[in-house]
Amino acid sequence: MVAQISENTYPIWAETNKISSNINEIVDRNISGKQLVLLGEAFHNSGSDLKAKTKFVKYLVKKKGFRNIIFESDFFALYFDHEPKNIQGVWSAADQCQELFDFIRNEDVTLWGVDSNLYSKYSKENFTSKFSTFLKTNQIEFDSEIFKNFKLVIDQNFNLSKKEYATSLKTFDLDLNKLLENENIKKNLFWSQALYSLKAASLTYREKSIPKSIAHRDLQMASNLNFLANQYPKEKFIVWAANAHIGKV
């Protein structure tokens with residue numbers, strides 16, 4: 001096993017601090033014709049990993065033509081507002097990532113999110129209002145009371161497993177499923193996706209079994225990634241996430 005690893009291990013950086021020729025050849029071979037390149041990390045809080053990944057992002061943007069990065073962060077918020085403030089703080093607030101975000105801004109690279117969980121202030125302030133506007137614009141009938149439970153799910157997140165929210169969540173599930181069956185909503189690919197993502201978030205938040213909670217989130221993140229890839233088929237994306245989410249496990 002050690003021999004196999006050693007035989008397939010290459011230094012990423014040459015002495016010139018550029019991608020080594022071996023790695024360049026391997027990358028060329030593996031990303032040719034690919035829309036997505038997945039950049040994992042074993043541990044979110046490793047500053048040296050973040051710096052190394054930043055170098056690799058620069059290489060993919062400047063040398064390989066990637067103009068988009070999808071983070072393991074708020075799908076809804078980053079769809080509308082492509083700013084680092086909507087990315088989880090483990091990256092957006094990390095000193096080791098500030099070079100990355102400066103580079104993204106200077107190179108006009110677009111930030112996206114894939115996570116069903118609604119972390120950001122943007123989602124808390126805008127999800128219900130934007131969806132309400134969509135319903136009214138398309139003359140879709142709805143009970144305004146539903147937004148109380150939408151707000152409950154978005155605001156309370158992992159507190160939803162408390163017994164006091166059980167009745168509200170039953171109503172939320174019934175109302176959300178009705179909306180997902182509405183033909184006018186089905187025709188709008190973004191809002192259909194956003195509602196399924198909200199549903200997955202609610203299941204993730206209230207699930208007491210950690211493996212099941214993770215499964216709800218991972219399945220929806222895969223769906224959200226598929227949605228972005230299909231929405232923008234001519235674009236190439238770097239996907240920045242934990243190994244556990246992007247590995248074939």
Side-chain angles (χ1 to χ4, degrees), residues 5 8-24 26-28 30-31 34-124 157-158 204 214 217-218 221-222 224-225 228 235-249:
I5 293 171
N8 293 281
T9 301
Y10 303 91
I12 295 178
W13 313 114
E15 291 181 5
T16 56
N17 206 31
K18 293 181 179 180
I19 294 287
S20 66
S21 58
N22 280 334
I23 293 297
N24 192 58
I26 292 167
V27 171
D28 274 346
N30 283 281
I31 72 171
K34 300 293 193 303
Q35 187 184 14
L36 305 171
V37 169
L38 312 182
L39 293 186
E41 56 193 50
F43 177 53
H44 285 325
N45 296 316
S46 172
S48 58
D49 285 1
L50 300 181
K51 286 186 173 182
K53 286 174 71 174
T54 294
K55 281 186 179 181
F56 211 74
V57 166
K58 289 182 176 182
Y59 164 72
L60 289 171
V61 170
K62 289 188 171 182
K63 302 296 185 182
K64 304 301 178 185
F66 284 78
R67 309 301 307 171
N68 301 272
I69 302 182
I70 300 174
F71 269 83
E72 180 193 325
S73 289
D74 196 321
F75 167 74
F76 178 84
L78 284 156
Y79 188 84
F80 290 103
D81 185 29
H82 309 283
E83 290 296 325
K85 64 184 179 183
N86 296 314
I87 291 172
Q88 288 196 64
V90 69
W91 298 299
S92 61
D95 289 344
Q96 294 86 351
C97 276
Q98 298 316 303
E99 182 182 349
L100 169 71
F101 294 121
D102 287 343
F103 172 78
I104 286 168
R105 195 173 293 109
N106 292 336
E107 295 291 326
D108 200 26
V109 174
T110 304
L111 292 171
W112 303 89
V114 74
D115 203 341
S116 53
N117 289 354
L118 297 135
Y119 303 98
S120 71
K121 182 180 178 182
Y122 183 93
S123 287
K124 293 181 188 303
N157 50 70
F158 285 100
T204 301
I214 292 170
R217 181 170 171 241
D218 273 359
M221 285 202 289
N224 290 343
L225 182 59
L228 290 172
E235 295 291 335
K236 296 198 293 185
F237 296 93
I238 300 165
V239 182
W240 182 299
N243 289 346
H245 298 305
I246 63 177
K248 293 181 179 180
V249 297

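Start at 1 with the first residue, then count along the sequence.
Aromatic ring centres of Phe56 and Tyr59: separated by under 6.0 Å.
Taken to the nearest 0.5 Å, the CG atom of Leu78 stands 11.5 Å off from the CD1 atom of Ile69. Cys97 SG to Phe71 CZ: the interatomic distance, rounded to the nearest 0.5 Å, is 6.0 Å. The line from CD1 of Ile26 to CD1 of Ile31 is 12.5 Å long, rounded to the nearest 0.5 Å. Interatomic distance, Ser123 OG to Tyr79 OH, rounded to the nearest 0.5 Å: 14.0 Å. Here the straight-line distance linking atom CG of Leu225 with atom CD of Glu72 works out to 12.0 Å at 0.5 Å rounding. Between the OG atom in Ser92 and the NZ atom in Lys85 there is a gap of 11.5 Å [rounded to 0.5 Å].
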request  = Please lay out, stage by stage, how Lys53 and Leu100 fare under the test side chain to side chain contact (heavy atoms under 4.5 Å, CB included).
outcome  = CA-CA 9 Å; Lys53 286 174 71 174; Leu100 169 71; over 6 Å; no
ask   = Run the side chain to side chain contact (heavy atoms under 4.5 Å, CB included) check on Ile87 and Trp240 step by step: do they pass?
value = CA-CA 11 Å; Ile87 291 172; Trp240 182 299; over 6 Å; no
ask   = When you look at Trp112 and Glu235, which way does the side-chain hydrogen bond (donor to acceptor under 3.5 Å, both in side chains) test go after all the steps?
value = CA-CA 12 Å; Trp112 303 89; Glu235 295 291 335; over 6 Å; no
ask   = Can Arg67 and Glu107 be said to form a side chain to side chain contact (heavy atoms under 4.5 Å, CB included), step by step?
value = CA-CA 8 Å; Arg67 309 301 307 171; Glu107 295 291 326; 4.1 Å; yes
task = Output, in order, the C-alpha distance, side-chain angles, deciding distance and verdict of side chain to side chain contact (heavy atoms under 4.5 Å, CB included) for Asn86 and Phe76.
result = CA-CA 10 Å; Asn86 296 314; Phe76 178 84; over 6 Å; no
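Contact of the His245 side chain with the Arg217 side chain is registered, since non-hydrogen atoms from C-beta on lie closer than 4.5 Å. A 4.5 Å side-chain heavy-atom check between Phe75 and Leu118 finds every atom pair outside the cut-off. Side-chain contact between Asp74 and Tyr122 is absent, with no heavy atoms from C-beta onward closer than 4.5 Å. Side-chain contact between Asp102 and Arg105 is present, with at least one heavy-atom pair separated by less than 4.5 Å. Residues Lys64 and Asn24 form a side-chain contact, since some pair of their non-hydrogen atoms from C-beta on lies under 4.5 Å apart.
Within the 3.5 Å criterion, the main-chain N or O of Trp91 finds no donor-acceptor partner in the side chain of Gln96. Asn117 places no side-chain N or O within 3.5 Å of a backbone atom of Tyr119 that could act as its donor or acceptor partner. A donor-acceptor contact shorter than 3.5 Å links the side chain of Asn224 to the backbone of Val114. Looking only at distances, no side-chain donor or acceptor of Asp81 sits under 3.5 Å from a matching main-chain atom of Ala77. Side-chain atoms of Asp49 do not come within 3.5 Å of backbone N or O of Glu41 as any donor-acceptor pair. Side chain of Ser73 to main chain of Gln88: a donor-acceptor pair is present (N/O by atom type, distance under 3.5 Å, no hydrogens or angles).
Remark: Lys34 NZ is packed, more than 12 non-hydrogen atoms of other residues, nucleotides or ligands lying under 6.0 Å away. By the 6.0 Å contact criterion, NZ on Lys124 is enclosed, its count of non-hydrogen atoms from other residues, nucleotides or ligands being greater than 12.
In summary, of the residues considered (Val57, Asn243, Ile246), a side-chain contact (heavy atoms from CB on, under 4.5 Å) with Leu39 occurs for Val57 alone.
Across Gln35 and Phe66, no two heavy atoms sit closer than the pair O-CE2, 4.0 Å.
At a threshold of 4.0 Å, the pair Lys58-Glu99 counts as salt-bridged, since one of the basic side-chain nitrogens sits closer than that to a carboxylate oxygen.
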